[in-house]
Amino acid sequence: MTIRLLAALAFASIFLSAARPAFAGDKKDFEKTVPLPMGGGVVPLGGKVGDVVVDSVNVRNAPNKGDFEKAKGEPRVSCRPKFQVSLTNKGKDVTRVLVLVKILNKDGDKVLLCDTKEKLKPGTKDFKSNLCWLQGMQVNDWPKAKMFVSVSSLD
């Protein structure tokens, strides 16, 4: 009788372990909202999606003082920022991710949205996912804007 009970418990533990909920290490999504840096530059993110580390986002081609001065007289002056999300695949498998950067104005409305799908080979270090090469936004939205960064597993 004891052997049957042990066998039943072993079977139940195998069945239950297969149906376990996802742990923090199994995260399939990373989301973070941060202030949009005035002069551009690197913003640390410190996230993780499965084996992929979401290190930072580099904001390039930010408006400069001259752009802000010009926008005071011409409110529709635009800029074309570029974003590079830095990713590292610490896993042993190819990983596919969706990278999204959304710029929200002071009211929380979307003023710019860029996304891309990336395929990261095992051991890939400091991969730069480029976003927003063609889209633009109004310079006057920049000072109070927030940047929403999302990385999601497609596997």
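- Residues Phe83 and Ser129 are not in side-chain contact: their nearest non-hydrogen atoms beyond the backbone lie 4.5 Å or more apart.
- Considering only heavy atoms from C-beta on, Leu87 comes within 4.5 Å of Val54 through its side chain.
- Smallest separation of non-hydrogen atoms from Gly40 and Ala62: N-CB, 3.6 Å.
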Please report, to 0.1 Å, the donor-acceptor pairs under 3.5 Å made by any side chain of residues 104-111, with sequence neighbours excluded.
from   : atom 1 : to     : atom 2 : distance (Å)
Asn105 : OD1    : Asp107 : N      : 3.0
Asn105 : OD1    : Gly108 : N      : 3.1
Asn105 : OD1    : Asp109 : N      : 2.9

List the steps, then state whether side-chain contact (heavy atoms from CB on, under 4.5 Å) holds for Ser153 with Asp29. CA-CA 6 Å; Ser153 174; Asp29 299 295; over 6 Å; no
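- For the pair Lys128 and Asp126, the salt-bridge criterion is met [side-chain N within less than 4.0 Å of a carboxylate O].
- Looking at Cys79 and Asn61, their side chains never come closer than 4.5 Å, going by heavy atoms from C-beta outward.
- Rounding to the nearest 0.5 angstrom, the gap separating the CD atom in Glu74 from the NZ atom in Lys72 is 13.5 Å.
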Should Val149 and Leu45 be marked as a side-chain contact (heavy atoms from CB on, under 4.5 Å) after you check the CA-CA gap, both sets of side-chain angles, and the distance that decides it? CA-CA 9 Å; Val149 180; Leu45 296 172; 3.8 Å; yes
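- For the pair Gln135/Arg80, no side-chain contact is recorded, criterion being any heavy-atom separation below 4.5 Å from C-beta on.
- The distance from atom CD of Gln84 to atom CG of Asn130, rounded to the nearest 0.5 Å, is 4.5 Å.
- The NZ atom of Lys125 lies 11.5 Å from the CG atom of Asn89; values are rounded to the nearest 0.5 Å.
- Distance CG/Leu98 to CD/Glu118: 9.5 Å, rounded to 0.5 Å.
- Rounding to the nearest 0.5 Å places OG of Ser152 at 6.5 Å from CD of Glu31.
- The two atoms that bring Phe68 and Pro63 nearest to each other are CE1-O, 3.6 Å, heavy atoms only.
- A salt bridge is absent between Lys90 and Asp51; no separation between the charged side-chain nitrogens and carboxylate oxygens falls under 4.0 Å.
- Linking ILVMFWY side-chain heavy atoms closer than 4.5 Å, directly or via other members, places Val53 and Phe127 in two distinct hydrophobic clusters.
- Of all heavy-atom pairs between Ile103 and Ala145, the closest is CG2-CB, 3.8 Å.
- No donor-acceptor pair under 3.5 Å is formed between the side chain of Asp115 and the backbone N or O of Val99.
- The side chain to side chain donor-acceptor pair (under 3.5 Å) pairs that include a residue from residues 138-149 number zero, where partners must be two or more places apart or lie in different chains.
- Side-chain contact check for Arg60 versus Pro81: every heavy-atom pair is 4.5 Å or farther apart.
- Val43 is listed as a side-chain neighbour of Met147, based on a closest heavy-atom distance under 4.5 Å.
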Test side-chain contact (heavy atoms from CB on, under 4.5 Å) on Asp55 and Thr88; report intermediate values, then the result. CA-CA 8 Å; Asp55 297 309; Thr88 297; 3.2 Å; yes
Quick one, Phe148 with Leu100, criterion side-chain contact (heavy atoms from CB on, under 4.5 Å). Give me CA distance, side-chain angles, the key distance, then yes/no. CA-CA 8 Å; Phe148 172 81; Leu100 178 136; 3.8 Å; yes
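- Val34 and Leu131 fall within the same hydrophobic cluster, where Ile, Leu, Val, Met, Phe, Trp and Tyr residues are linked whenever their side-chain heavy atoms come under 4.5 Å apart, directly or through other members.
- Both Met38 and Val57 sit in one connected hydrophobic cluster of ILVMFWY residues. Membership requires side-chain heavy atoms under 4.5 Å apart, directly or through other members.
- Using a 4.5 Å heavy-atom threshold, the side chains of Ser86 and Asn58 count as separate.
- The shortest distance between side-chain heavy atoms of Leu120 and Val94 does not fall below 4.5 Å.
- In terms of hydrophobic clustering, with Ile, Leu, Val, Met, Phe, Trp and Tyr side chains grouped at heavy-atom distances under 4.5 Å, Val101 and Leu154 are assigned to different clusters.
- Between the side chain of Asp155 and the backbone N or O of Arg96, at least one donor-acceptor pair lies under 3.5 Å.
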